[in-house]
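One-based numbering, in listed order, for ligands and for the atoms of each.
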Amino acid sequence: MIHRVRKPYIAGNWKMNLDRARSLDLIKTVKGRLGDGNDREVAFFVPSIYLADVSAVAQGSPLGVGGQNLWFEANGAFTGEVAPRMLREVGADRVLIGHSERRHVFHEPDEWMGKKVRAALDCDLLPIYCVGETLEERKGNRTDRVLKRHLETGFEKIRVEDAHRLTIAYEPVWAIGTGETATLEQIGQAHRAIRKWCVQRVGEEAANLMRVLYGGSVKADNAKEIMGVDGVDGLLVGGASLQADTFLPIIEYDLR
Ligand code: 13P
């Protein structure tokens, strides 16, 4: 049993999947299975159009509900975008920022990341800031450099006192939705590099409060061993978070 200093955080990212009825069913089932939330934190990142309904069902439980993206301005001529206060208004208490699909499919540049993380915190949304290299970057031995660049841009406007509200997710792009999980050694290495960077940036005491999650083809049968890697504080799950029978065993990774 590894000694944990931070509460495990298991998050499901639905991406652009499910429909309203199946979303609500899933929330009801997971809510019914969660205890008091003292020993683990569980959250879903939901398409913004379903947030109000999903958070109404989750209310009164420790289940967290978050948006998958935001724009950093409070209002204005930004067609198609969602402001942090809008996410709050429909019940979200957290948000994903810099997910690899935002970076690589929608070409969100590094320069937006610091403003997005700042805007989330200023609106009382807990960000999970995603970082991770592509296959090409890994093959070119550029993983550390890419992680550093993602961290530097995302933390641009971070103060030491913000650290306890920040979570980082290491998601190697080549392991997302591919069925290919990073090896435990690769995960350990990346998590060590991320934590070292955080300690340098905000100091050891504040960095100790920040959780670093792993994401990329997490399934019921690899969740436990990944959670056993030193420095992994939780999991960010895509495909396997879409059904109760695949997600519950991940939430309960240590209970089997
Ligand atoms: P998969 O678990 O489907 O690989 O997705 C990971 C992910 O992108 C979570 O944000």
Are any of the side-chain nitrogens in [X] or [Y] under 4.0 Å away from the carboxylate oxygens of its partner?
{"X": "K157", "Y": "D162", "value": "no"}
{"X": "E252", "Y": "R40", "value": "no"}
{"X": "E133", "Y": "R145", "value": "no"}

Derivation and outcome, salt bridge (Lys or Arg N to Asp or Glu O under 4.0 Å), residues E108 and R102: CA-CA 6 Å; E108 289 200 8; R102 297 305 319 170; 3.0 Å; yes
Mind checking whether [X] has a heavy atom under 4.0 Å from ligand 1?
{"X": "A240", "result": "no"}
{"X": "G215", "result": "no"}
{"X": "S241", "result": "no"}
{"X": "K15", "result": "yes"}

Tell me, which protein residue and heavy-atom name are nearest [atom], and how many Å apart are they?
{"atom": "atom 4 (O) of ligand 1", "value": "G177 N, 2.6 Å"}
{"atom": "atom 9 (C) of ligand 1", "value": "E171 OE2, 2.9 Å"}
{"atom": "atom 3 (O) of ligand 1", "value": "G239 N, 2.8 Å"}
{"atom": "atom 2 (O) of ligand 1", "value": "G238 N, 2.9 Å"}

Based purely on interatomic distance, does H99 place a nitrogen or oxygen under 3.5 Å from a nitrogen or oxygen of ligand 1? yes
Any N or O of K219 that comes nearer than 3.5 Å to an N or O of ligand 1? no
At a 4.0 Å threshold, what atoms of ligand 1 neighbour a non-hydrogen atom of [X]?
{"X": "L236", "answer": "9 (C), 10 (O)"}
{"X": "S217", "answer": "1 (P), 2 (O), 4 (O)"}
{"X": "A175", "answer": "4 (O)"}

Between K116 and N69, do the side chains contain an N or O donor and an N or O acceptor separated by less than 3.5 Å? yes
With sequence neighbours excluded, tell me which residues meet side-chain contact (heavy atoms from CB on, under 4.5 Å) with D39. none
Under 4.0 Å, heavy atoms only, figure out whether ligand 1 is touched by the backbone of I176, its side chain, both or neither. both
Taking the side chain from Q68 and the backbone from F45, do they hold a donor-acceptor pair closer than 3.5 Å? yes
How about F155 and W197: are their ring centroids closer than 6.0 Å? yes
Less than 6.0 angstrom separating the ring centers of F44 and F247, yes or no? yes
